[in-house]
Number of protein chains: 2
Amino acid sequence: MRAAQKNIQEVVDSRPTRLRVLDAAIRLFVHKGYFNTPIQDIVQESGVSIGSIYHYFGDKEGIAKALYVTYIDRMSREMADINVRHTALRERSRAVIKLLFQLTEQEPEAIAFMLGAKLQEFLPDETPVCSAKPFELMRNMVKEGMASGEIRELSLMVAVSSLFGGALRMIHHRIEGRIKEPLYRHEKEVWECAWRAVAKS
Amino acid sequence: MRAAQKNIQEVVDSRPTRLRVLDAAIRLFVHKGYFNTPIQDIVQESGVSIGSIYHYFGDKEGIAKALYVTYIDRMSREMADINVRHTALRERSRAVIKLLFQLTEQEPEAIAFMLGAKLQEFLPDETPVCSAKPFELMRNMVKEGMASGEIRELSLMVAVSSLFGGALRMIHHRIEGRIKEPLYRHEKEVWECAWRAVAKS
DNA sequence: GTCTATACGACGATAGAC
DNA sequence: GTCTATCGTCGTATAGAC
C-alpha cells in the first residue's frame, strides 16, 4: 500500500517545481535535442536551480526518463480506453488515428519527444517506444481484426504498418513543419486510405 | 571544369583512408548515436589517426556531412533512374519500395543513418532528409500520378504518406529488429496494400 | 527542498614533428 | 598525408550552506 502510493507519487507527482522542470525540459529536448541541451539551459528555462533539479531527478537521464514514463503511461491508458469503447478494428483504428492527431495538435512536444526522437540513444534501458505498451496494444487490435476476418490475411507487421503508417507519416510531416494546417482536417482522408489498404475486397 | 572535378572529388573521393573513416563512422553513428561516439572511437574502429581524420574532415560534423551528401546523392540518382525507367505511378511506386527495401537489406547502416537518425540535431545546416531531393522526387511522382488520374484526388501529403508510409514503417521495424526476415519477402504485400490505399475505385 | 559555488572528467580540436 | 602529444572548454554532477 505504502509502496504503491510511493510509486504513484513518483510518476504523477505534480509539485510545481518538478513540473516546471519537466515542462522546460521537453520543450528544450524537442527543439534543440537532448544532447544539445545542457542542464544549465533547463535551469534558465525553468527558473529552477541546478541543485533542485538534481534533487528531483538524480541525473539528466532521470529527467528524460520521467518524461518517457509519463507519456507512455498516458498513451497506454488512452489506447486501452479505445479498446474498451470500441470492439471492431474499423472503429478502433479510426479512434487511434484521431487520438494521435489530437495529441499532435494539443501537445506537439509530447508527440515529438515520443515519436520523433531516438530515445534509445539517451534512454538505453527503456523499451523503445514502438515496442512499448501503446504500440503493442495497436498490434493486438490488428491481430484481433485479422483473426475475426474483418481485414485481409496479411503478415501482422505489414497490416499494422499499412494501417497506421500513413497517419504516422502525417504526424512526422506536421511536426517538422511540412504540413501547415491542423491534422484533424486530414483525419477522415487518412483513415479512409488506411482502411482501404487492409480491408477485405 | 577544374572546379567541377574538384567538387566530384570532394564527394566521391575514394582514397582508402577517407573511406575507412566513413565506413567506421557510419557504423558507430548508427549503433551508438552521433553524440555517443567520440572521435577516439572512430580512431580505434577505423585504424586512422585523429590527425588524419581532422585533415580530411575538418571537424566531427564534417564526417557526418560527408556521409549525408554521399547518400543523398546516391538516393537522388536512383530515384531519378526510376523516373526514367517507368512512366506510371503504379510502376514507379513499386520500384521505389523495391529500391528502399533492397537498400535496407544491403546497406542497413546507410538507411538507418538517413531515415533513422534525427540528422538536424548534428547537421543543422543540411536540408532534412524528408525535404531533400529523393523525397521531393517521390512527392512529384505522386503529384503526376494524381494529375493524370491514375490515383484518387487526395491532399498531396495524404497521398504520399499513404503510398509510402507503410513501407517506411516496415523499414523502421526491420532496422530496429522487430522484423527478423528480409524485407523483400514482404515487398509485394506492402506495395499492394499501399496501392489499394490510393488507387481509384 | 532550494540554492551557489566548485570539482572533475571527457571530448573536440590543435600543434607540430616526421 | 600521417602521426603523437597536448590544450582548453564545456557540461555533468557534487558539496555544503541556508
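Note on naming: letters A, B, ... go to the chains in the order of the sequence lines (proteins, then strands), and numbering restarts at 1 for each one. The figures that follow rest on heavy atoms only: side chains count, while hydrogens, waters and symmetry mates do not. Because the structure is a prediction, the values reported are computed rather than measured.
- Within residues 31-48 of chain A, the residues approached by DNA chain D to less than 4.0 Å at the level of any non-hydrogen atom are A:Thr37, A:Pro38, A:Ile39, in residue-number order.
- With rounding to whole Å, B:Tyr54 atom OH is found 13 Å from C:dA15 atom P.
- The distance from the CD atom of B:Glu150 to the CG atom of B:Leu89 is 5.0 Å, given to the nearest 0.5 Å.
- Between B:Thr17 and the phosphate of D:dG1, there is no side-chain N or O to OP1/OP2 separation shorter than 4.0 Å.
- Relative to the side chain of B:Ile50, the nucleotides C:dC3, D:dT4, C:dG1 differ in distance, and D:dT4 lies closest.
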Can you list, pair by pair, the side-chain donor-acceptor contacts under 3.5 Å of residues 191-199 of chain B, counting residues two or more places apart and other chains?
{"residue": "B:Trp191", "atom": "NE1", "partner": "B:Ser93", "partner atom": "OG", "Å": "3.0"}
{"residue": "B:Arg196", "atom": "NH1", "partner": "A:Ser201", "partner atom": "O", "Å": "3.1"}

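- Checked for salt-bridge contact, A:Arg174 and A:Glu105 meet the test: a charged N lies under 4.0 Å from a carboxylate O.
- Going from atom CG of A:Asp59 over to atom C1' of C:dG9 covers 16 Å, rounded to whole Å.
- The residues B:Lys133 and B:Asp73 are annotated as not salt-bridged, no charged nitrogen and carboxylate oxygen being separated by less than 4.0 angstrom.
- Judged purely by distance below 3.5 Å, without hydrogens or angles, the side chains of B:Glu189 and A:Ser155 pair a donor atom with an acceptor atom.
- For A:Lys60, the side-chain atoms get nearest to D:dT12 when compared with the rest of D:dA5, D:dT12, C:dG1.
- Side-chain rings of A:Tyr184 and A:Phe101 stay apart, their centers remaining 6.0 Å or farther from each other.
- Between B:Glu45 and B:Arg20 there is no salt bridge, since no side-chain nitrogen of the basic residue lies less than 4.0 Å from a carboxylate oxygen of the acidic one.
- Rounded to an integer number of Å, the gap from CZ of A:Arg18 to P of C:dT2 is 12 Å.
- Note: CD1 (A:Ile63) to C1' (D:dA13) measures 12 Å, nearest angstrom.
- As rounded to whole Å, 13 Å separates atom P of C:dC11 from atom CG of B:Leu28.
- Of all nucleotides listed (C:dA13, D:dG1, C:dG1), C:dG1 comes nearest to the side chain of A:His55.
- OP1 or OP2 of C:dC3 lies within a sub-4.0 Å distance of a side-chain N or O belonging to A:Ser52.
- Rounding to whole angstrom units, CD1 of residue A:Ile53 and P of C:dT4 are separated by 12 Å.
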